[in-house]
Structures are given as C-alpha cells and as structure tokens.
Amino acid sequence: MSGRSCLAVVLAAGEGTRMRSDLPKVLHEVAGLPMVGHVAEAARQAGVDRLAVVVGRGAEAVSAALSTHDVATHLQTERLGTGHAVLAARDTIALGFDDVLVLFGDTPLLSTETIERARSALASGADIAVVGFHAADPTGYGRLIVEGETVSAIREHKDASPEERKITLCNGGVMAISGHRILGWLDRIGNDNAKREYYLTDIVAIAVADGARVNVVEAPAEDLMGANTRVELAELEAAWQRRRRRELMLSGVTMQAPETVFLAYDTAIEPDAFLEPNVVFGPGVTIGAGSVIRAFSHLEGATVAADCEIGPFARLRPGADLSEKAKVGNFCEVKKAKVGKGAKINHLTYIGDAEIGAKSNIGAGTITCNYDGINKHLTSIGAGVFVGSNTSLVAPVAIGDGAYIASGSVITENVSADALALGRARQTEKPGRAADIRARNEAVKAGRSAGK
Ligand code: UD1
Ligand code: CA
C-alpha cells in the first residue's frame with residue numbers, strides 16, 4: 001500500500017480455556033485452516049510485509065501452522081493484557097515499520113478489505129485507526145468515545161460509566177498504529193483499571209494527549225467475530241461457509257443447495273461449474289469450468305479440469321488429477337492418479353497410484369491392487385484401453401494403448417498394445433447337472449415331510 005512498510009502483530013496468547021482443548025485456541029480450524037492462518041492470510045493479502053505472532057503456549061505448533069508466512073514468534077510468558085501482549089513483540093516492532101497492525105488470532109473472518117481500510121486511514125494522516133462496529137449487545141466490549149471525527153478514548157466495559165455503557169459503537173480489536181510512535185505509547189500504558197491489566201485500548205487516550213489523531217473505521221460485526229467455545233467455532237465456520245459460497249456463486253458457480261456444500265479455505269472453482277447438493281471439499285481442490293459435481297461426493301487434494309463429471313457418491317483423494325471431460329462415477333475412489341482426457345471410471349472402482357490414458361474405459365468393479373503390504377506400486381494404463389468389469393490390476397503393471405482386458409481378469413503381467421488379455425479360470429459346462437441336483441434336493445425335502 002503506497003510504499004508504506006507494515007508489520008502485523010497477531011495476538012494469540014489467550015488461554016482459550018473454554019475450548020476445553022489441548023490444542024492452542026488459534027489452531028482450531030475453520031474451513032480446514034487454523035484460525036490464525038486465516039488472519040495471517042488476510043494480512044498478507046492486505047500487503048503486510050512481516051508478521052509477528054504473540055503466543056502463550058504451543059509456540060512451536062503455532063509457528064509451524066504459519067510456516068508459509070514470514071513470521072516472528074514471540075512468547076508472552078504472563079498474560080497481563082493486550083497492551084502487554086503487543087509489547088512481547090517489541091524486538092520486531094523496533095525493526096521499524098511505517099504501520100503496525102494489531103490483530104487477534106481468533107478472528108478468522110477478518111477481511112482483507114477491513115485491514116486495507118485501517119491502513120488507508122494511516123496513509124491519509126491518522127496516527128491510529130481503530131476498527132469499530134455497532135454491537136446489538138455491546139456488553140463486554142470496549143466502547144469508542146468519539147468526539148466529532150475522531151476517537152478520544154476507548155473505555156473497557158468494566159471501567160465504563162452507565163452513560164458510556166449506552167454507547168453501541170465498540171472496539172473490534174483491530175488497530176492500525178503509527179509504527180514510529182507505537183513503542184513510546186505502549187510503554188506508557190499502566191494497569192490502573194478494573195482488571196489490573198495493561199489494556200492496549202489505553203493507547204488511544206495516551207496518543208490523543210500527545211496531539212495524535214485517532215480515526216475510527218467501521219466494519220461489519222461479522223468481520224470481527226471471535227471464537228471462545230466450540231459452539232462459537234461452529235458459528236464462525238457457518239458464517240465463513242456462507243460468505244465463500246456466496247462469492248463463488250457470484251463468480252459464476254451454480255450450487256443447487258448452497259447450504260449443503262462445504263468448502264475449504266483454498267477451494268478454487270471456475271465459472272459454470274455445477275454443484276449438486278451435499279458436496280464436501282477438503283483442502284487443495286481445483287475444479288475446472290463446466291464440470292459437474294454430483295451429490296454426495298467428497299474431494300480433497302484433487303485437480304479436476306474442465307467439463308468433467310464426478311459422482312454421485314464419488315471420492316477423489318489427494319493426487320487425483322483429472323483431464324478434461326473425464327468421468328468418475330458412483331462409488332468410485334481415485335487417489336494419486338492421472339486420468340486422461342475423456343477417460344471413464346464409472347462404477348464401483350478403486351484407482352490408486354495409476355495413470356490412465358485418454359479415452360480409456362475402466363469397467364465396473366475394477367481395482368488397482370496398488371499396495372503389497374509394504375510398498376505402493378504404479379498401474380499404468382495407456383490410451384483407448386478397455387478394462388472389462390471386475391478386473392484386478394496387480395501393480396506394478398502396464399497396459400499398452402488400445403488393449404482390451406476381459407472381464408473378471410486378474411492381471412499380473414504387462415499387456416501389449418492392442419492385445420486382448422484374459423486372466424481368469426476357463427468356464428466348463430456339465431450338461432444336465434443342474435436338473436440332477438434339483439431332483440435330489442426335492443427327494444430329500446419329500447423324505448423330511450413324510451417323517452414328521
Ligand atoms: C478486547 C478489547 C476490547 C474489544 C474486544 C473485541 C482490550 C483491553 N480490550 O477485549 O476493547 O472490544 O477485545 O473483541 O484490548 N491476549 C493476549 N495476551 C494477553 C491478553 C490477551 O495474547 O495478555 C490476546 C487474546 O488471546 C485475544 C486478544 O488478545 O486474542 C484479545 O484478548 P481478550 O482477553 O479476548 O480481550 P477482550 O476482553 O475480549
Ligand atoms: Ca475477546
């Protein structure tokens with residue numbers, strides 16, 4: 001943003017006791033990504049140069065979850081308040097940034113736009129920008145004391161007068177602060193208040209006393225929602241899903257029953273894809289234009305090119321890589337397999353560790369026997385191959401282009417191009433034997449009822 005350098009300090013040292021979990025609160029996931037990962041991603045998209053995260057426990061786990069970001073981890077050994085927490089990142093702040101953002105690690109719905117607006121306020125001359133929202137019930141929140149265009153103080157609920165408690169404009173927790181002045185102000189915050197904590201929010205009155213300008217940036221309450229319990233976590237998940245489904249639909253994806261489609265943080269779907277009800281996406285899925293995902297399909301780590309047809313009841317696992325117009329039908333599982341253009345895997349099949357050439361047809365009940373108990377092996381199927389129903393392909397094995405595998409075969413050796421391979425017991429016929437057996441059974445039955 002306009003050449004200004006920016007550090008985001010993400011506070012994540014809260015105990016999260018009410019989650020009742022061994023996992024640090026900010027590592028609980030929304031849409032398959034830890035909450036703190038969402039916050040970091042929004043910061044990155046808003047052009048933040050560096051990230052500092054303040055943690056209380058699970059420092060290693062939290063930094064590992066943020067390993068794709070340039071992040072400095074700081075430990076807050078005692079939990080003495082939000083002002084104290086930001087100071088835990090003093091060394092990183094002291095490197096010198098134009099803007100310092102303070103974000104909370106448990107607000108995964110925070111949008112890039114809200115961060116950008118807070119930063120713009122600094123770029124246009126404010127020394128601090130506080131992100132505020134109107135709360136239906138402001139109990140518990142810090143209230144913004146606004147005078148004219150600017151904020152003169154933030155009063156925490158416990159310290160507010162009855163008059164101040166009537167204010168509904170609340171502190172959302174996100175602040176953008178002049179990076180060149182923040183440390184001087186933070187060092188002057190005391191703990192003479194109801195909770196005996198060092199409140200970050202006191203920075204406003206201190207800065208105003210220095211002649212600084214503090215602006216408020218209003219954001220939707222949803223942006224600032226946090227999770228204290230798993231019930232609230234589920235509410236965040238629902239809100240996140242609603243938001244993302246809406247974005248995808250507006251970008252051209254059809255969803256027949258959007259409320260039954262579950263997306264991951266990185267699900268990418270091109271316009272004119274069509275999703276039937278009850279489709280679940282794990283991380284790492286890309287769906288090409290015009291592809292149809294039928295009901296009750298589950299996809300993760302899969303790449304689906306344009307105009308494919310998946311499901312109903314299909315499972316695509318990591319490494320499933322489908323070329324254009326490929327089909328994977330009901331009760332089929334595909335894992336770590338390249339499926340060529342127009343190839344069809346239509347019924348009751350497992351394809352794992354395989355490559356299938358263009359326009360091949362894999363018959364019902366075909367299984368790649370990819371695992372020998374120790375290692376996984378490759379099944380390579382050429383283009384234009386016809387694999388008859390109920391075939392077992394015992395890997396490693398290769399089938400040449402244009403080959404034809406007879407139904408019910410167990411294929412243990414490579415098949416040459418254009419050959420017909422049969423790998424099954426030969427059928428024999430005993431004339432009249434069925435009638436003999438039937439007659440004998442009837443005689444036994446008659447004997448039994450006579451003896452009664
Ligand atoms: C805070 C704000 C309040 C605002 C509200 C919005 C202060 C003093 N109050 O209140 O004005 O309306 O958020 O949700 O800032 N944390 C630490 N170390 C600490 C204390 C907190 O890392 O010593 C972290 C927490 O993990 C959490 C964040 O800071 O991510 C906010 O702390 P919390 O105790 O939830 O603040 P609130 O009382 O909700
Ligand atoms: Ca809180």
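Counting from 1, the numbers follow the sequence of the chain as shown. First listed ligand is number 1; within each ligand, the first listed atom is number 1.
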query: Is there a nitrogen or oxygen of N171 sitting under 3.5 Å from a nitrogen or oxygen of ligand 1?
result: yes

message: Once you restrict to heavy atoms under 4.0 Å, what part of H84 touches ligand 1? Side chain, backbone, both or neither.
response: neither

message: Between E355 and K338 (salt bridge meaning N to carboxylate O under 4.0 Å), is one present in this structure?
response: no

- request: Return yes when C170 approaches ligand 1 closer than 4.0 angstrom through a heavy atom, no otherwise.
  value: no

field: Under 3.5 Å: N/O of I154 near N/O of ligand 1
entry: no

- prompt: Looking only at heavy atoms, is any part of Q76 under 4.0 Å from ligand 1, and if so is it the side chain, the backbone, or both, or is it neither?
  reply: side chain

- prompt: Can R244 and E247 be counted as an ion pair, charged N to O under 4.0 angstrom?
  reply: yes

- line: Any heavy atom of K195 under 4.0 Å from ligand 1? The part involved is side chain

query: Does an N or O anywhere in G81 fall below 3.5 Å from an N or O of ligand 1?
result: yes

Stacked cation flag R245 on F262, 6.0 angstrom / 45 deg: yes

- prompt: Side chain, backbone, both or neither: which part of L80 comes within less than 4.0 Å of ligand 1 when only heavy atoms are counted?
  reply: backbone

query: If you measure from each non-hydrogen atom of A85 to ligand 1, which part falls under 4.0 Å: side chain, backbone, both or neither?
result: side chain

message: With a cutoff of 4.0 Å, is V54 in contact with ligand 1, counting heavy atoms of the residue only?
response: no

